[in-house]
Amino acid sequence: MDVVCQQLVLSKSLLTLCDSGYRMATRSLSSVRARNPLPWYRTRLDIKNGDRKPRFTPQDSKVSILRNPGVVNVTNQTREKLCELVAQNVVYSKGPLVAVNKPQGLSVSGIPEEVSLSSLLPELQQHLGIRSATPLHVVKAAPKESSGLVLLSSCHTTSKHIEEFYAKCRKSQTPVVTFCAVTVGIPSPIEGDVNVALTIEQIGEHKLVVPVTHPTKGSLERREVKNTETHYKVLDSADSCALVQLQPMSVFQSQLLVHMTWKLCKVLGDHTYSARVGKVLGEPIYVPVDIAVPQTQVLEEKILRKMHFTQQQMHRMPLHLHLHQLLVPNHDEQKGSMLLTAPPPPFFLRTIELLGLTMKEPLLSSQNLLALPKTESSSSSQN
């Protein structure tokens, strides 16, 4: 009876942005959650009094993240399992909008022979019971190798409204997305901006993003090169590792990974660009891009020991980059905007613990949002 009452209360509070079918979608989504109460990012956490910080036994503390809590490998999942996995990880649902917390490694739009989130959307829409004439589509998403938020919509009018909102945010230099990352190396200073032009070059067998220190006016006008910017802030650091908040103010392929190497740091699990950061006499140096080819990330022995890893296992180290928070406009413009939040996966939290770092919630507060009226912080789920 309590579940039925909750569903009735939820259905009355839904926004009527498109058609009345969204009420039925929400009731169906609630039933999916009831059958699958623990999404992937909580299944291996010991939660007490609402605290998501994992607690491990002495035996657990001596094994790597590959064994405990483990890393979701999407390549080993069937389409049905992946669809169910995504459906279990809905962190926000209201009106035509649905936000999911995707696992690391799941591409948003991949090659035809690869299972991607976009290719799963018809099944996901049916699985969630979203009865709309407009197909579910992606509005904003974390990159393939990152975990984190993906914003979906089943209403083109709503999607256009959100895109216009993001355009205004870019003009006002307001951060829209907030990532958290574990880095090897501590950015100096501990807070600042990375401003560097980027382009894509063919280096050997690879097409890679490279910095351009002195872009010409012509290259910028022809869009061969793009000026990019990322605001960063070190949230905690310990023994040459850091937990860093990243807010990209521009959009470019692999921007955050390349910007961190520009600060002589490498994101843990980055096997593409981390070779650009080397050491000479114990001091970090920037390695020329033409010789810093993609390779399995190399870590110092002291960090490997903390992580209970060997260098031979490093090819299995997942990328520790998570799209943690996303700014979206409220349907009621007088209420300003709100923050959607997706908690990091268990392996990310375990790594933080092993490295002696601390993560405080939320990473982004309303004080960080420039010129946005009455911004609200939305904690993840709508139960």
Side-chain angles (χ1 to χ4, degrees), residues 2-37 39 41-42 86-102 117 120-121 124-142 148-166 168-169 176-178 323-343 361-362 364 366 369 372-383:
D2 290 341
V3 173
V4 174
C5 291
Q6 290 173 6
Q7 291 174 347
L8 289 174
V9 170
L10 279 174
S11 65
K12 290 179 180 179
S13 65
L14 291 176
L15 296 173
T16 55
L17 293 179
C18 292
D19 57 70
S20 59
Y22 296 126
R23 291 191 176 92
M24 298 184 69
T26 304
R27 287 197 291 270
S28 176
L29 179 58
S30 299
S31 66
V32 170
R33 288 177 179 161
R35 292 193 301 270
N36 305 287
Y41 58 80
R42 296 184 66 185
V86 174
Q88 290 174 5
N89 289 286
V90 173
V91 295
Y92 178 84
S93 177
K94 195 168 188 179
L97 295 181
V98 176
V100 299
N101 190 4
K102 90 170 185 70
L117 182 62
L120 292 173
L121 290 183
L124 181 64
Q125 183 164 350
Q126 183 178 8
H127 194 87
L128 298 180
I130 298 175
R131 300 185 180 182
S132 169
T134 303
L136 203 61
H137 53 275
V138 177
V139 180
K140 200 81 171 174
L149 281 164
V150 177
L151 182 63
L152 308 170
S153 172
S154 58
C155 174
H156 288 304
T157 301
T158 301
S159 300
K160 183 179 179 181
H161 174 61
I162 294 174
E163 289 166 0
E164 291 171 349
F165 171 79
Y166 288 157
K168 292 178 181 178
C169 288
V176 169
V177 295
T178 298
L323 203 170
H324 185 59
Q325 293 180 319
L326 176 64
L327 189 67
V328 295
N330 267 306
H331 178 55
D332 184 351
E333 293 185 359
Q334 292 185 349
K335 293 184 179 179
S337 54
M338 62 182 176
L339 282 171
L340 304 182
T341 301
E361 297 269 3
L364 186 61
S366 58
L369 305 176
L372 286 176
K374 300 181 180 178
T375 300
E376 301 178 346
S377 177
S378 168
S379 124
S380 16
S381 2
Q382 183 180 342
N383 296 319

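What you see is a predicted model, and the numbers here were worked out from it, not measured in a lab. Below, all heavy atoms of this structure are taken into account, side chains as well, without hydrogens, waters or symmetry copies.
Taken to the nearest 0.5 Å, the SG atom of C155 stands 7.5 Å off from the NE2 atom of H137. In this structure, CD in Q126 is found 10.0 Å from CZ in R131, a value given to the nearest 0.5 Å. Taken to the nearest 0.5 Å, the CG atom of L136 stands 5.0 Å off from the CD1 atom of I130.
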Next item on the list: For the pair V328 and V139, evaluate side-chain contact (heavy atoms from CB on, under 4.5 Å) and give the outcome as yes or no after the intermediate values.
Entry: CA-CA 11 Å; V328 295; V139 180; over 6 Å; no
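When all heavy atoms of G148 and N101 are compared, the pair lying nearest together is CA-OD1, 3.4 Å. Shown here for A87 and H127, the closest heavy-atom pair between the two residues is CB-CD2, 3.3 Å. Between L327 and Y166, the closest heavy-atom pair is O-OH, 2.8 Å.
Each of I162, V177, L149 was evaluated against K140; a single residue qualifies, V177, per the side-chain contact (heavy atoms from CB on, under 4.5 Å) test.
Considering only heavy atoms from C-beta on, V86 stays 4.5 Å or farther from V150 through its side chain. Looking only at side-chain heavy atoms (C-beta outward), L121 and V138 come within less than 4.5 Å of each other. Looking at L326 and L339, their side chains never come closer than 4.5 Å, going by heavy atoms from C-beta outward.
S159 and S153 share a side-chain donor-acceptor pair at under 3.5 Å.
A donor-acceptor pair under 3.5 Å is formed between the side chain of H324 and the backbone N or O of A342. Remark: side-chain polar atoms of S154 are not paired, donor with acceptor, to backbone N or O of S132 under 3.5 angstrom.
In terms of the side chain to side chain contact (heavy atoms under 4.5 Å, CB included) criterion, residue partners of A142 (sequence neighbours excluded) are, by chain and number, K102, S146, L323.
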